[in-house]
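Basis for what follows: all heavy atoms, side chains included, without hydrogens, waters or symmetry-related copies.
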There are 2 protein chains.
Amino acid sequence: MNRKDIPRIIISRLPVYLRTLQRLQQEGRQTISSQTLGEILGTTAAQIRKDISQFGEFGKQGTGYNIPYLVEQLQHILHLDDIWDVAVVGIGDLGHALARYQGFVDRGFRITALFDNDPEKIGRQIQGLTIEDASLIPSRIPELGIKIAMLTVPVSVAQQTADVLVRAGVRGILNYAPIHLNLPEGVCIEHIDPAIGLQRMTYYIGQRKG
Amino acid sequence: MNRKDIPRIIISRLPVYLRTLQRLQQEGRQTISSQTLGEILGTTAAQIRKDISQFGEFGKQGTGYNIPYLVEQLQHILHLDDIWDVAVVGIGDLGHALARYQGFVDRGFRITALFDNDPEKIGRQIQGLTIEDASLIPSRIPELGIKIAMLTVPVSVAQQTADVLVRAGVRGILNYAPIHLNLPEGVCIEHIDPAIGLQRMTYYIGQRKG
DNA sequence: CTTGATTTGTGATAAAGTTAACAGAAACAC
DNA sequence: GTGTTTCTGTTAACTTTATCACAAATCAAG
């Protein structure tokens with residue numbers, strides 16, 4: 001089981017499985033078959049079985065998967081055994097919303113640092129955290145051992161801010177700026193851009209009047 | 001050129017091309033080769049050429065692509081010739097941030113309705129728009145001709161709210177609730193979940209202490 | 001006008017990903 | 001205990017997607 005050999009597309013589906021399994025677990029459900037999980041997720045049983053089987057034999061014939069056990073295994077595979085500390089860089093409306101969002105802890109993440117370069121914002125508090133001067137990123141990120149950042153700065157400074165973060169030791173960036181970031185090998189990047197999502201739909205929805 | 005025959009994965013890349021081309025256009029650049037665009041986007045020239053060629057011959061040998069012309073063509077392909085009206089449903093921190101975001105208009109979208117079911121919020125204004133009672137969705141959505149909604153409600157009511165929107169005539173939903181929505185054939189859905197993005201990265205980043 | 005450098009669009013090829021199908025294990029009904 | 005049903009993990013077949021490689025078009029220089 002060499003981690004590098006497992007296709008990226010399979011890895012990208014695991015968090016989706018995990019999210020649903022955690023919800024089912026909270027609802028008190030004990031087991032689930034690939035068939036049923038596929039129906040819930042709008043995918044096929046074969047794909048779910050194939051994906052999960054990349055990492056071991058977690059199911060049981062005739063019964064399906066034990067939900068708490070599979071949740072545990074997926075969390076381990078995705079390195080979610082411990083909580084990750086995350087920084088939010090750029091405290092505009094969106095950064096503010098992320099800082100206040102209560103849903104990260106159950107998923108394995110905790111926001112532990114906020115950065116902005118606006119003197120008006122520096123020093124203010126959100127959820128008990130103080131917004132720090134972005135110029136302190138190079139010292140504070142290593143100090144706090146932060147490896148992951150959410151980037152919610154304007155496009156004009158996104159690439160340079162990302163570069164600073166990477167130099168400070170950040171290994172993964174969730175980028176909300178609507179621009180493709182070029183980062184060195186070994187740094188992970190995920191892009192979130194609502195307009196891209198909307199534009200992917202309008203192709204299929206068709207003409208506005210029609 | 002049957003639209004249905006073009007692979008979804010190609011469609012999903014077009015908005016990414018468009019976003020970059022629009023930025024280059026704003027910077028005053030006139031032409032670009034697939035090679036250079038590939039370097040900017042971290043992809044290959046061949047893929048860009050193949051993707052674009054699905055829809056016609058928009059480039060010129062020896063020169064590359066004319067940026068304003070290609071932008072226009074991509075906008076037309078994606079049905080972005082006119083501005084789409086969009087509703088935001090659920091005005092928490094995130095819905096609030098989306099309602100205030102200034103970046104949609106250049107990308108083809110305009111937020112024209114806000115809904116929430118909290119009496120405290122109904123009637124308040126954001127960017128000149130009044131938050132309306134979510135119970136009015138069935139009448140207001142058709143009235144305003146809205147076909148696209150951004151869904152930022154709690155998980156517990158996400159599916160039922162989506163169902164209401166679809167019954168009201170919505171054809172595409174950008175879902176921010178961390179749950180998979182099951183919608184009828186013909187309705188487009190895109191999911192945005194920051195925790196999923198983070199979890200896709202932690203697989204590769206590895207153990208927190210390591 | 002010719003030569004050399006670029007660059008597209010595309011048919012052929014290779015790689016990657018998905019689906020189908022089934023042996024074997026487990027559970028269940030009676 | 002036996003027969004039936006359920007369900008996984010896996011191999012093989014199939015489908016989709018990405019890459020390669022090149023003819024033909026364009027441009028620039030002299």
State, to the nearest 10°, the angle formed by the axis through the first five base pairs of the helix from C/dC1-D/dG30 to C/dC30-D/dG1 and the axis through its last five. 30°
So do the side chains of B/L94 and A/L94 get within less than 4.5 Å of each other, counting heavy atoms only? yes
A/I6 atom CD1 is separated from C/dG17 atom P, nearest whole Å, by 12 Å
If you compare every side-chain N and O of B/Y65 against the phosphate oxygens of C/dG9 (OP1, OP2), does one of them come in below 4.0 Å? yes
How is A/R8 classified with respect to the nucleic acid when contacts are heavy atoms under 4.0 Å: base, sugar-phosphate, or nothing? nothing
Looking at B/R13, does any N or O in its side chain come under 4.0 Å of the phosphate oxygens OP1/OP2 on D/dA18? yes
When you get a sec, tell me which of D/dC20, C/dT18, C/dC22 is the closest nucleotide to the side chain of B/A46? D/dC20
Distance in angstrom units between A/N66 CG and D/dT8 C1', rounded: 14 Å
Is it the case that the side chains of A/D163 and A/Q159 hold a donor-acceptor pair, with the cut-off being a distance below 3.5 Å and no angle test? yes
Within less than 4.0 Å of OP1 or OP2 of C/dT7, is there a side-chain N or O belonging to B/S34? no
Using atom CD of B/Q35 as one end and atom P of C/dG9 as the other, report the distance to the nearest whole Å. 15 Å
Is the ring pair A/F55/B/Y203 parallel, tilted or perpendicular, if the boundaries are 30 and 60 degrees? perpendicular
Nearest to the side chain of A/E57 - D/dA21, D/dG9, D/dT8? D/dG9
Indicate for each nucleotide in nucleotides 25-30 of chain C, in 5' to 3' sequence, whether protein heavy atoms under 4.0 Å reach the base (B), only the sugar-phosphate (S), or nothing (-). BSS---
Taking atom P of D/dT8 as reference, at what distance in whole Å does atom CD1 of A/I32 sit? 10 Å
Which whole-number value in Å describes the distance from B/F55 CZ to C/dG9 P? 13 Å
Is the backbone N or O of A/V89 less than 3.5 Å from a side-chain atom of A/T152, with the two atoms forming a donor-acceptor pair by type? yes
Does B/I10 reach a base, just sugar-phosphate, or nothing at all? Heavy atoms under 4.0 Å. nothing
4.5 Å side-chain heavy-atom contact, B/F109 and B/I111: no
Of all the heavy-atom pairs spanning A/H79 and A/W84, show the shortest one and how long it is. O-NE1, 2.8 Å
Audit row: B/Y204, A/I11, side chain to side chain contact (heavy atoms under 4.5 Å, CB included) steps and yes/no: CA-CA 9 Å; B/Y204 296 101; A/I11 302 307; 3.5 Å; yes
Can a donor-acceptor pair be found between the side chains of B/Q22 and B/Q26 at a distance below 3.5 Å? no
Using the rule given for side chain to side chain contact (heavy atoms under 4.5 Å, CB included), can you reason through B/L24 versus B/I40, listing the C-alpha separation, both sets of side-chain angles and the distance that settles it, and then say yes or no? CA-CA 11 Å; B/L24 293 169; B/I40 292 172; 4.2 Å; yes
Counting side-chain heavy atoms from C-beta on, which of C/dG9, C/dT7, D/dT8 comes nearest to B/S33? C/dT7
Within this structure, what is the CZ-to-P distance between B/F58 and D/dT26, rounded to whole angstrom? 17 Å
Rounded to the nearest Å, what distance is computed from the CG atom of residue A/L70 to the P atom of nucleotide D/dC7? 15 Å
Without placing hydrogens or testing angles, list every side-chain donor-acceptor pair under 3.5 Å for residues 67-74 of chain B, not counting sequence neighbours.
none

Measure from CD1 on A/I48 to C1' on C/dA20 and round the result to the nearest Å. 16 Å
Which of the following nucleotides, D/dT10, C/dT10, D/dA18, is nearest to the side chain of A/K50? D/dT10
Looking at C/dA12, C/dT19, D/dG9, which one has an atom nearest to any side-chain atom of A/T44? C/dT19
